[in-house]
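Keep in mind that this is a model prediction, so the values were computed, not measured. Below, each value reflects all heavy atoms present in this structure, side chains not excepted, and no hydrogens, waters or symmetry copies.
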There are 2 protein chains.
Amino acid sequence: MTLRESEDKRVVEVLAHLASSRHRITTARRHIVTALVGAGGHLTAEEVAAVVQAQDPSVHLATVYRTLEALERLGIVIHIHLGHGRAIYHLADSSHYHLYCQLCGSVQEIPQAELDNLFAVVANSYGFKPSLGHFAIIGTCGRCMERKGLNGLSSGGSSPESIA
Amino acid sequence: MTLRESEDKRVVEVLAHLASSRHRITTARRHIVTALVGAGGHLTAEEVAAVVQAQDPSVHLATVYRTLEALERLGIVIHIHLGHGRAIYHLADSSHYHLYCQLCGSVQEIPQAELDNLFAVVANSYGFKPSLGHFAIIGTCGRCMERKGLNGLSSGGSSPESIA
DNA sequence: ATGGGTGCAAAATTTTTGCATTACC
DNA sequence: GGTAATGCAAAAATTTTGCACCCAT
């Protein structure tokens, strides 16, 4: 199966999930789901809208928000809040976490398995169930650390810029 | 040393840090720092403003934002983005992470030490340096899981509400 | 045909900014 | 006295909502 075919299949699956939950399949929703599946990664609502509008300019940003909200209620999509105000959306089935660089805004992915013992700790000691994927680790990426001349592997706190 | 005395001491320390970084000590800033230290936990900018304005109603919300921003540049304060848009602020020296319940909005703290090996993994494998404390784990707290009748300890994905 | 979905525009929310004034160092 | 900081109000940025119309089922 080519990548394209597997993406198409996923789009159909998601649309079927929508339909079976008494939601209607509209052109806007088809485009939005296709954008999410095609992106593979993370998109802001505005980025989703941009991709969709390249195909069909009539789709409104408000519709994107409403569709993302509907998909999220169904557990198909997840969003996380990163830096300043804007949230990023992605499919729930890509089980990874996000390393968000607060300096350059880049998002790196880290496979869920790497952090499995984190979840064990949190779940057992705190009775708290983390949302898979709905999770961002904020910090500084390797590139930015080099750029700033920091060593980086210390686990120390934030970098004061007192005399910036 | 009583709690009150130790808080006062911390306020003085923070103000000294501000002053030594060529910032001015104003009444607004004294109130804001006192509010942050006194709260011990997490406050939104608006909550900080409310505490401050109980003492001095003339302090404007914009000043709170500007002061929090200044304190953050100095590494004294950290903010994290939780649910929808609003961020919470706290002192950087309380080394803990946040378990944010997306259902009831409660925030539980988890000591940094619990997750130290997480940081080792992230730092070593990904060259990424997480910001201590600048970190929220989003999920569902024990209380809400009982309320919803979920078992909770499965590490499974998000809870679809297809037939809500 | 029925009611869920859409486009549009306006409101709501949270945070930022320009500017004249105040007050800290 | 010089200038950082403030208050105010207006702008920005992101997300939500009311409403009339449209279209999937």
**OP:** Tell me what T44(A) touches on the nucleic acid: a base, only sugar-phosphate, or nothing, going by heavy atoms under 4.0 Å.
**Re:** nothing
Subject >> A45(B) to V64(B) - nearest heavy-atom pair and separation >> reply: O-CG1, 3.7 Å
Original post:
Rounding to a whole Å, what distance do you find between L61(B):CG and dT15(C):P?
Top reply: 8 Å
Original post:
Is there any side chain to side chain donor-acceptor pair (under 3.5 Å) pair reaching into residues 24-35 of chain B, and which pairs are they, with sequence neighbours excluded?
Top reply: none
**OP:** Take atom CG of L74(B) and atom P of dA4(D), then tell me their distance rounded to the nearest Å.
**Re:** 15 Å
Subject >> Value in whole Å for how far the P atom of dA12(D) lies from CD of E46(A) >> reply: 15 Å
Original post:
How close or far is atom C1' of dT6(D) from atom OH of Y65(B), stated in whole angstroms?
Top reply: 17 Å
**OP:** Would you classify A62(B) as touching base, sugar-phosphate or nothing, given that sugar-phosphate means primed atoms plus P, OP1 and OP2, and contacts are heavy atoms under 4.0 Å?
**Re:** base
Subject >> Contact check, side chains of Y89(A) and V77(A), non-hydrogen atoms, under 4.5 Å >> reply: yes
Subject >> Integer-rounded Å distance: dT16(C) C1' and R73(B) CZ >> reply: 13 Å
Original post:
E69(B) CD to dA5(D) P: how many Å, rounded?
Top reply: 11 Å
Original post:
Could you give the CD1-to-C1' distance, from I88(A) to dT15(D), as a whole number of Å?
Top reply: 16 Å
Original post:
Does S58(A) have any side-chain hydrogen bond (donor to acceptor under 3.5 Å, both in side chains) partners at least two apart in sequence or in another chain, and if so, which?
Top reply: D56(A)
Original post:
Once you round it to whole Å, what is the distance between P of dA4(D) and CZ of R22(B)?
Top reply: 10 Å
Original post:
What one-letter contact string describes nucleotides 19-25 of chain D from 5' to 3', where B marks a base within less than 4.0 Å of any protein heavy atom, S marks contact via sugar-phosphate atoms alone, and - marks no contact?
Top reply: -----BS
Subject >> From CD (E13(A)) to CD1 (I76(A)), nearest 0.5 Å >> reply: 10.0 Å
Original post:
dT6(D) phosphate, OP1 or OP2: any side-chain N/O from S58(B) under 4.0 angstrom?
Top reply: no
Subject >> Nearest-0.5 Å distance that lies between atom CG in L15(B) and atom CZ in R10(B) >> reply: 10.0 Å
**OP:** With the side chain counted from C-beta on, respond yes when H90(B) and I78(B) share a heavy-atom pair under 4.5 Å apart, and no when they do not.
**Re:** yes
